[in-house]
Structures are given as structure tokens and as C-alpha cells.
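One structure is given here, and the rest of the page talks about it.
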Amino acid sequence: MKFKTFAAFVAPSVFMMLLFIAFPLVSVFIQSFYVTQPVYETVAVETCTPGFTGQICTTETKSVPRLDDNGKIVEVTRFVGLESYRNVLEPARFWAAVKARSWAALQAIDFWKALRFTLMFTLVTLPLVIGMGLAIAIVINNASRAIRGPVIFVSLLPFIITPVIGALSINWLFRGDGILTAGLEWWLGRDIALFAQAWTIELLMVLYRVWHVAPFAAIVFYAGLQTVNQDSLESALIDGASRWERLRYIIIPHLMPLITFVAIIHLMDTYRVFEEIVGFSSQGHVISLQWLTYDFLKPDQAGNRSISRASASAMLTMIGIVIILVPLLRRTWRDHRGAGA
Amino acid sequence: MQIRKILLAGAMSLASTGAWAGCAFENTVPLKSLSAGFEAWKAVTDAMAECGNFTAELDQEFREKQPEAFAADPALYQIGGVANSTMVPLLNAGTIRPLDDYIAKYGQQLSANQMIKIDGETYAIAMMVNNQHLMYREDILTDLGISVPTTWDEVLAAAEAIKAAGVVDYPLGGTFKTGWNLGEEFVNNYLGEGGAFFGDGNMPAINNPAGVRALEIMKAMTAYMDPEYLVSDSTYVQQQFQQGKIAMANLWASRAGAMDDAAESQVVGLVKMASAPMGSVRPASSLWWDGVVFATNMTEEEADAAFRVAMEGLDREMVEANNDVAVWLIDGYVPGPAAEGAIATANNGAVPYPASGPMGIMHTALGNGIADYLNGAKDAATTLADIEAAYLTSAKEAGLVE
């Protein structure tokens with residue numbers, strides 16, 4: 001393909017990437033080093049609000065932002081260096097907890113608490129998703145042609161459901177005396193409260209995520225299974241290889257690039273776990289890094305939001321994803337180079 | 001296409017037949033409002049719509065849109081629905097206008113109590129008040145020979161007796177959902193203990209015996225609540241009541257009407273209202289109001305029309321048709337049994353929610369931080385110290401603390 005043609009095809013995509021990904025990223029990166037604040041004045045204000053018998057008037061000194069001649073709030077932006085990062089990471093408390101060898105103290109700091117869950121969630125769901133995906137793909141592949149279509153459709157269903165809706169449904173099925181909890185209680189003959197402690201919530205979240213994402217892995221692996229060399233399989237069969245040995249020595253090595261691909265996508269997605277936290281309203285027990293960013297960004301009732309800390313937290317999440325991907329990327333790169341040589 | 005046109009025509013004709021049925025004048029200026037989405041707002045905006053050319057947006061996430069929408073010039077909404085706390089950002093940004101001239105022209109029916117005054121100027125017209133107060137199952141308390149509890153100690157003693165009798169799943173309900181609800185529970189109890197949230201220069205001041213006591217009360221309550229209390233919001237507690245699963249709760253007055261809603265409730269006529277339990281100083285509750293504000297960034301013609309339309313929404317006719325939907329401040333309201341608890345709480349000396357910029361941050365820090373104490377991860381003093389530290393970080397970033 002001529003370079004000009006290539007450029008013409010790629011240009012719109014590059015432009016969109018720059019506009020919607022690169023520039024916002026640069027902007028977030030810059031914002032994480034600055035803080036923008038209104039200029040406050042302290043004034044005594046008398047406020048009268050309704051009671052039942054009559055008005056209640058109180059005079060208090062309040063911080064009121066100064067307005068300029070156009071009626072806009074006067075704001076100042078200043079460079080704060082790494083302060084927002086420090087506010088998110090809380091290094092002083094982190095080292096104090098490490099020195100005291102206190103896991104509880106470490107888990108009392110929002111960022112480290114969120115990191116603990118995020119890493120656990122990412123690393124536990126990864127093998128489960130790949131294993132389940134492979135299992136579903138093999139089942140589909142071995143299903144007879146007549147029912148293969150419906151089987152694919154049914155196994156893809158969980159992936160089609162919007163994540164927040166899916167998480168909410170699980171929440172309603174298990175919360176309080178939800179149908180499934182009531183069923184479990186009847187079966188086990190004891191009172192069960194799945195949303196009353198962290199570990200049961202985390203377990204539900206892992207189950208939900210695996211149920212939700214495994215179909216994606218399955219459909220990718222199923223595509224890969226179509227290209228397995230039938231001759232190798234046949235000769236293995238003649239050599240007396242068992243079903244397990246054929247899977248272990250022929251099918252899995254063949255699927256390895258796809259497994260790496262699914263693993264990379266899954267790590268990137270799962271490190272940004274968010275829907276489960278909101279859908280299960282688990283903030284009291286479990287939080288994630290992405291939820292932390294959202295919480296900084298969300299305005300409170302008085303309209304305050306922590307944009308600088310949200311930016312810092314978002315950058316830290318991105319750095320985390322890069323770190324977690326390094327082993328897989330190095331491996332892919334090595335394979336790639338090996339194949340080239 | 002054809003179907004869409006027909007539907008549109010149908011909607012238009014419906015709208016025009018409904019218009020100015022119950023309105024004293026015909027509104028010709030296009031107006032929009034943005035408010036929360038609960039029942040009282042629906043009643044009020046429906047009444048406003050009778051004047052014509054009016055669209056209401058009822059949105060539970062209104063607080064995230066309102067500051068930006070009102071800062072636009074011209075403002076995206078002429079009329080806004082706010083409460084104590086959500087008025088703060090609009091007032092701070094100067095995006096809502098003083099109303100005294102309009103009140104003189106069109107607001108004769110308003111009572112002085114409805115006017116929210118800041119330094120003598122009226123910036124909002126309140127329509128209703130709300131607070132959390134005790135709701136209890138009269139039948140259960142009577143059967144067990146318990147008198148209506150008035151303090152937390154009595155509430156806990158009653159809960160113990162109800163637990164022993166085993167007549168409901170959980171003696172107590174509570175709006176303890178992590179976040180705003182949990183923060184509000186602390187605010188109520190801390191105010192009940194007579195605490196103040198801030199010292200000089202917006203410095204936090206909750207790490208004191210009153211704060212510890214407020215936390216201890218909350219923890220004592222959780223022993224009698226559904227163990228999943230950290231996910232339980234107002235709607236959940238209301239449903240627990242309606243399904244006969246709980247016997248007592250300090251719940252919002254705006255939920256009182258639902259207890260006798262035969263379509264939802266299995267306990268019609270059994271839930272009675274009383275004052276919020278007394279803390280050491282005053283009832284463990286805070287007074288809230290909801291009302292309307294008007295954008296600064298609109299023409300004089302729009303402002304005039306918006307005020308007149310709003311007055312039609314807040315008139316006697318609307319209240320008479322929706323008497324039990326809220327504790328109205330509007331002339332013509334007849335307080336029914338559902339309002340008894342709210343009124344008793346106010347008469348016992350509950351104070352208004354101390355809305356301000358710093359309080360917004362404090363409320364968030366409380367809502368996020370208290371769960372650790374209830375879970376047993378931290379003791380009370382550490383919890384309060386950590387909440388103060390979280391508040392300070394946010395307040396510094398917001399420029400409220402040096």
C-alpha cells in the first residue's frame with residue numbers, strides 16, 4: 001500500500017486518538033501538579049431558615065468565595081508539585097504502618113486499601129476467566145452442529161449485559177432476603193447476610209466478574225480452536241495421547257498467543273474495577289482504585305470536588321496498569337523477536 | 001416517521017388541554033426547572049405546568065448538574081429546586097437572584113417562614129420541611145408494654161425487649177448506607193449531643209467526647225439492625241417497615257406517608273410517629289427544607305414569568321390536593337398524623353442542618369470514614385482523627401483551610 005493511501009486511512013483514527021485519548025491524558029497529567037481554588041473571604045452572614053413555629057435565624061462567620069465584576073468566582077491556580085500524589089498515597093502513614101508491621105494500619109489508608117482489593121481481584125479473576133473461557137470454548141467446539149448456534153448464544157449472554165445492570169441484579173438477588181439468599185438460607189437452614197462482611201462481598205464480586213467476562217475469553221478461544229492443526233491431533237490420537245494430553249501439548253500451545261491476548265485485555269479491564277463497587281454499594285467494606293478516583297471527582301452537596309487528587313489518582317491507576325502488564329508484554333516481545341530471528 | 005408525528009401531536013394536544021386548567025394566568029415565556037425527583041417535587045412541578053410553556057426536569061442527580069447549568073449565560077434552567085445544602089454552591093457562585101421585588105409584586109400569599117433570607121435578602125422560597133424522626137410499630141410496643149421511647153437509652157432498651165420477644169426480624173432499622181446516609185446519621189447524633197463541627201478558620205472539631213458518644217450510639221444501634229446495614233438507605237428502611245421486618249427507625253418524615261400506603265404496606269395503621277430520640281442536648285435530628293430558587297442569568301421578562309409560575313406551583317390548591325405528600329410550609333396545609341413526628345422533633349429543639357461549603361466536605365469525609373468504626377477496624381478516637389485528617393486534606397485542596 002502506498003504511504004499516502006495508508007496515511008489517508010489511518011489519519012482519522014490517529015486524529016480521534018489524539019483528540020479523545022492523548023490530549024485528555026496530557027491535561028490530566030498537568031492538572032495533577034496544579035491546584036485550582038476559589039479565593040475565599042470570611043464574612044459574618046445571617047441566615048434565616050424555616051422552622052415549624054417560626055423562622056430560625058443564625059449569624060455565623062462563613063467562607064464565601066469572592067466574585068469578580070462579571071459575577072464569576074475568582075480562582076487562583078498554583079503549582080503544587082507532587083502534593084496531590086502525596087495526598088493520595090499518604091507516604092508518611094504508609095511508612096509508619098510498614099515500620100509497625102501493622103496490616104490493619106496499612107488497610108486504614110484509602111489508597112492502599114483500594115490497591116489491596118484491586119490487585120487481589122485482578123490476579124484471582126485472571127486464571128478463573130481463562131480457565132472458564134477455555135472450558136466453555138471446548139464445550140462449544142464439541143457440541144453437535146445442530147445445537148452449536150444456541151449454545152454460543154446462551155454462553156455469550158452474560159457478556160452482553162451492561163456491567164452496572166449485571167452487578168445491580170446480583171445485588172438484588174443476594175441482598176437482604178433476596179431470592180438467592182432466601183434459597184441458600186432455606187437450604188442451609190441458617191441466617192445468611194452476604195453483604196454484612198467484606199469477604200462475602202469480594203467473593204460475590206469475583207464470581208460476578210468471572211461469569212461476566214468468561215464468555216469473551218470463550219469466544220476468542222473458540223475462534224482459535226477452529227485453526228488447530230487436525231493432522232497433529234490425529235497423529236497424537238494414533239500415538240495414544242489421552243484427551244488431556246492432546247489439550248496440554250497441542251491445543252494450549254496453539255492457543256498461547258490468544259491466551260496472552262485475553263490476559264492482557266483482562267488485566268487492563270480488571271485493574272479498573274468500578275461497576276462492582278457501585279453496583280454492590282460496597283464502599284463500607286471494599287473499595288477499588290477506580291472508585292477512589294470517582295469519589296474524588298464527584299462533587300459533594302456544597303459543590304466541592306478534588307480535581308487535583310482525582311487526576312493524581314487516575315495517573316497512578318495508569319501507572320499501575322503499565323506495571324502489571326510488563327511481564328506479559330516482555331514475553332510477547334520476546335516471542336515476537338524470537339519468531340523474527 | 002408517521003407514528004412519531006402522531007405521537008407528537010397526541011402529546012401536544014394532551015399538554016395543551018392540561019395547560020392553565022388550574023392556573024390564574026396563561027404563561028407565554030418558555031421556562032424550565034431542575035429539581036430532585038421525589039413525590040413533593042412532582043406535585044409542585046405538575047401544578048406549575050398548568051400555566052403552560054413549562055418543562056420540569058426531575059432528577060435525583062440534580063445536584064451535580066445544577067451549579068454548572070445555573071452558571072451558564074443564559075442559564076439552562078430558570079427555576080431550580082434546592083435544599084439547605086444544595087443551595088450553597090449556587091449562592092456562593094452568585095447564580096441565584098434575590099427575590100424581594102418579586103415577592104412584593106406576586107408573593108402576598110407567602111408566609112414569612114417560607115422566605116430563606118441571607119443577610120436580610122430572600123434568595124429562596126421554601127415549600128416543605130423534612131427531618132428524621134422516630135417511627136415505631138404501635139402494636140408491638142403496646143403488646144410488650146413498652147412506652148414510646150424518647151431517648152437513645154430507651155430506644156435500646158425497647159430494642160432489647162423486642163429482640164427477646166422475637167416478634168420481628170430486626171428491632172431497629174437505620175439509614176446507614178455508606179456515604180451520604182451514614183454521614184447524615186452522624187450529623188444527627190452529633191447535633192443531638194450538642195456538638196459543633198468547626199472551630200476557627202474552618203478547622204475540624206469533631207474529635208471530642210460528643211463525637212465519640214455519637215459514634216457509640218450508632219454502634220449500639222447496629223447490634224439490633226439487619227447486619228447488612230451499610231447498604232441500607234431510606235427506601236430500604238421504608239420497605240423493611242412496610243414488610244413488617246422492623247419495629248423502630250429514625251426515618252425521614254417524607255417517608256411517613258408510605259407506611260399507610262395500602263398498595264405497598266402490610267402494616268397500614270400500625271406505624272406511628274414520634275419525636276427523634278433525645279441526645280444529651282437536643283433531638284438526634286436536623287431540620288431540612290426544600291424550596292425554589294431563580295437563576296441570575298435570565299432576562300427580566302423570564303424572571304417575572306418564572307416567579308409567577310412558581311407561585312402557582314406553591315399555592316393552596318396544590319397543597320389541598322397533595323396534603324399528605326410532605327410537611328408543607330404553604331398556607332392551607334393541615335398537618336395529619338404522618339406529620340406528628342416531624343413537628344414533635346422540631347418542637348423539642350432540633351436545629352437546622354448546618355449547610356456550608358466546609359460542611360459539604362465534612363459530610364463526605366464522615367460518610368466514607370465511619371464504616372471502619374462500625375466494622376470494628378478502628379476505635380472511635382482513631383476514626384474521628386482519620387475523618388478530621390481526610391477533611392483537612394480535602395478542605396486544603398478546596399482552599400477553605402490555610
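By convention in this document, chain letters (A, B, ...) are assigned in the order of the sequence lines, proteins followed by strands, and residues within each chain are numbered from 1. Hydrogens, waters and symmetry mates are skipped; everything else that's a heavy atom, side chains included, is used.
- A pairwise comparison of heavy atoms in B:Gly399 and A:Tyr40 identifies O-CD1, 3.3 Å as the closest pair.
- Of all non-hydrogen atoms in A:Phe195 and B:Glu228, the two that sit nearest each other are N-OE2, 3.0 Å.
- Between atom OG1 of residue B:Thr364 and atom CZ of residue A:Arg305 there is a gap of 12.0 Å, rounded to the nearest 0.5 Å.
- One distance of note links CE of B:Met359 with CD of A:Gln301; it measures 9.5 Å at 0.5 Å rounding.
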Report task. Check the pair B:Lys117 / A:Glu46 against side-chain contact (heavy atoms from CB on, under 4.5 Å), numbers first and verdict last. Result -> CA-CA 8 Å; B:Lys117 292 192 179 209; A:Glu46 189 198 33; over 6 Å; no
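- Counting only heavy atoms from C-beta outward, the side chains of A:Ser282 and B:Leu230 never approach each other to under 4.5 Å.
- B:Lys396 and A:Gln37 make their closest contact through O-NE2, 2.6 Å (heavy atoms, listed as atom of the first residue, atom of the second, distance).
- With rounding to the nearest 0.5 Å, the separation of CD in A:Gln107 from CG in B:Asp372 is 10.0 Å.
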Query raised in the report: Yes or no on side-chain contact (heavy atoms from CB on, under 4.5 Å) for B:Leu287 and A:Ile56, after CA distance, side-chain angles and deciding distance?
Result: CA-CA 10 Å; B:Leu287 304 182; A:Ile56 303 167; 3.9 Å; yes
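- Contact tally against chain B (heavy-atom pairs below 4.5 Å) for A:Thr58, A:Val64, A:Val45, A:Ile109: the top residue is A:Val45.
- Going from atom CG of B:Asp73 over to atom NZ of A:Lys72 covers 6.0 Å, rounded to the nearest 0.5 Å.
- Ranked by heavy-atom pairs under 4.5 Å with chain A, the list B:Asp200, B:Thr122, B:Val231, B:Ile116 is led by B:Val231.
- With hydrogens and angles disregarded, no donor-acceptor distance shorter than 3.5 Å links the side chain of A:Asp300 to the backbone of B:His363.
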**Report entry** Stepwise side-chain contact (heavy atoms from CB on, under 4.5 Å) check, B:Thr393 with A:Glu90
**Finding:** CA-CA 10 Å; B:Thr393 308; A:Glu90 304 191 53; over 6 Å; no
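- Judged by distance alone, with hydrogens and angles left aside, the side-chain atoms of A:Gln283 form no donor-acceptor pair with the main-chain N or O of B:Gly179 at under 3.5 Å.
- Contacts with chain A were tallied for B:Ser232, B:Pro352, B:Pro67, B:Ser111; B:Pro352 has the most, counting heavy-atom pairs under 4.5 Å.
- For the pair A:Leu67 and B:Gly94, the tightest heavy-atom approach, listed with the atom from each and the gap, is CD1-CA, 4.1 Å.
- The OG1 atom of A:Thr36 sits 9.5 Å away from atom CD of B:Glu397, with the distance rounded to the nearest 0.5 Å.
- Using a 3.5 Å distance cut-off with no hydrogens or angles, the side chains of A:Asn304 and B:Ser394 do not pair a donor with an acceptor.
- Only the side chain of A:Asp295 has a heavy atom closer than 4.5 Å to any heavy atom of chain B.
- Counting heavy-atom pairs closer than 4.5 Å to chain A, the top residue among B:Asn131, B:Val88, B:Asn368, B:Asn84 is B:Asn368.
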Query - Steps toward side-chain contact (heavy atoms from CB on, under 4.5 Å) verdict (A:Arg93, B:Asp386) - result: CA-CA 11 Å; A:Arg93 286 177 73 193; B:Asp386 284 356; 3.4 Å; yes
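- Contacts of A:Ile287 with chain B are absent, with no heavy-atom separation under 4.5 Å from either backbone or side chain.
- Nearest heavy-atom pair across B:Pro227 and A:Ala193 is CG-CB, 3.6 Å.
- Here the closest heavy-atom approach between residue B:Ala355 and residue A:Lys62 is recorded as O-NZ, 3.5 Å.
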